[in-house]
There are 2 protein chains.
Amino acid sequence: MRPLVHPAIEAIRPEAILHALSDPSRAAIFARIMGAGCVEACASVSTLGDRVIPKSSLSSHIKVLREAGLIRSERHGVEMRNHSRGAEVEARFPGLLGAIMNAYASEDSAARAAADAGAAEGQTPSA
Amino acid sequence: MRPLVHPAIEAIRPEAILHALSDPSRAAIFARIMGAGCVEACASVSTLGDRVIPKSSLSSHIKVLREAGLIRSERHGVEMRNHSRGAEVEARFPGLLGAIMNAYASEDSAARAAADAGAAEGQTPSA
DNA sequence: TCAGTAGTTCCGAAATCCTGAACTATGGGA
DNA sequence: TCCCATAGTTCAGGATTTCGGAACTACTGA
């Protein structure tokens, strides 16, 4: 158990943020942490939609988010509390997180609409 | 020489854009293509700062940008013209590209300032 | 002390990335 | 027309990264 590493706000690099959020699973995890009053244990994000994320994968996703500077993790007894650092990142890179999370949100709603339309016609949506 | 693939605007996925721009080399290439009146041959971006990018790497970077929907490439005789699709992407994901390119720009100027300060003190900037 | 829970680390397999070498495609002389 | 130069692509390999199961550590409560 090596100590948790959190980059200082001025050491956060845009490429790390983009890389961290370029994985839809990680983006979804981050969205939950941002949305859930800024605190969320790892266990509570272990399923995404209908997909189960293995513990070891989840642990490394959380680590990537932490080392990118997107979240701050603290051990509280046996569990881990993950806080969003969204406000700090927003101050350093204005508009970045909002635009990224918006892009995913609009993508999701478009995909859902397409799936619904396909289901209504009794078809799978065309790839 | 298989034909060039360009995704339709509605098929562009945020994760592809983030992945494409999460590499600083690709982000720099894209910045040049955006900046250079929207047209730039591959050969003209073959060096980035003081680093030379091998032809094969450049070709695959351009391919990643193209398949993410960030640029449009056309063969003109022996060379390739790369146009930015920034306006289209902006319409689909408002604010995304601007925020990303801003983040890199502010990072670059911060790094340059730090390097200058270090040079003024006769030190290398601390990692 | 023991059992249970939460998360991390390790390690092998799979996927991805980088790049030199060989290749294709085009244009311009001679 | 043939040959060469230029611009870029494809292929193959090795290096790096990612994924996930198994074993592990850390903490709590009984």
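Just so you know, these numbers use all the heavy atoms, side chains as well, and skip hydrogens, waters and symmetry mates. Below, chain A is the first sequence line, B the second, and so on; all start at residue 1.
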* For A:R75 and D:dT28, give me the distance from atom CZ to atom P, rounded to whole Å. => 12 Å
* Take the protein atom NZ of A:K63 and the nucleotide atom C1' of C:dT8, then report the distance between them rounded to whole Å. => 9 Å
* Spacing of A:E79 atom CD relative to C:dT5 atom P, expressed in whole Å -> 14 Å
* To do: Calculate the interatomic distance between A:L4 atom CG and C:dT9 atom C1'; express it in whole Å.
  => 14 Å
* To do: Verify, without hydrogens or angle tests, whether A:E90 (side chain) and A:G95 (backbone) share a donor-acceptor contact under 3.5 angstrom.
  => yes
* Asked: Want to settle it: does B:R66 or B:V78 sit nearer the 5' end of DNA chain D, counting the closest nucleotide to each?
  -> B:V78
* Is any NZ, NE, NH1 or NH2 atom of the basic residue among A:E107 and B:R92 found under 4.0 Å from an Asp or Glu carboxylate oxygen of the other? -> yes
* **Whole-Å gap separating C1' (D:dT9) and CG (B:L65)** => 16 Å
* Contact check, side chains of B:L4 and B:M80, non-hydrogen atoms, under 4.5 Å -> yes
Check nucleotides 13-19 of chain C for protein N or O atoms closer than 3.5 Å to its own N or O atoms and list the pairs.
unit_1, atom_1, unit_2, atom_2, d
C:dC17, OP1, B:H19, NE2, 2.9
C:dT19, OP2, B:S57, OG, 3.0

* **d(NZ, B:K55; P, D:dT6) in whole Å** => 10 Å
* Asked: Is it true that a side-chain atom of A:Y104 and a backbone atom of A:A31 form a donor plus acceptor pair closer than 3.5 Å?
  -> no
* Round to the nearest Å and state the distance from A:M80 atom CE to C:dA6 atom P. => 13 Å
* Contact check, side chains of B:I100 and B:L18, non-hydrogen atoms, under 4.5 Å -> yes
* To do: Mind calculating the distance between CD (B:E15) and C1' (D:dT18) to the nearest angstrom?
  => 17 Å
* To do: Would you give the length of the straight line joining atom CD1 of A:I33 to atom OG of A:S73, rounded to the nearest 0.5 angstrom?
  => 7.0 Å
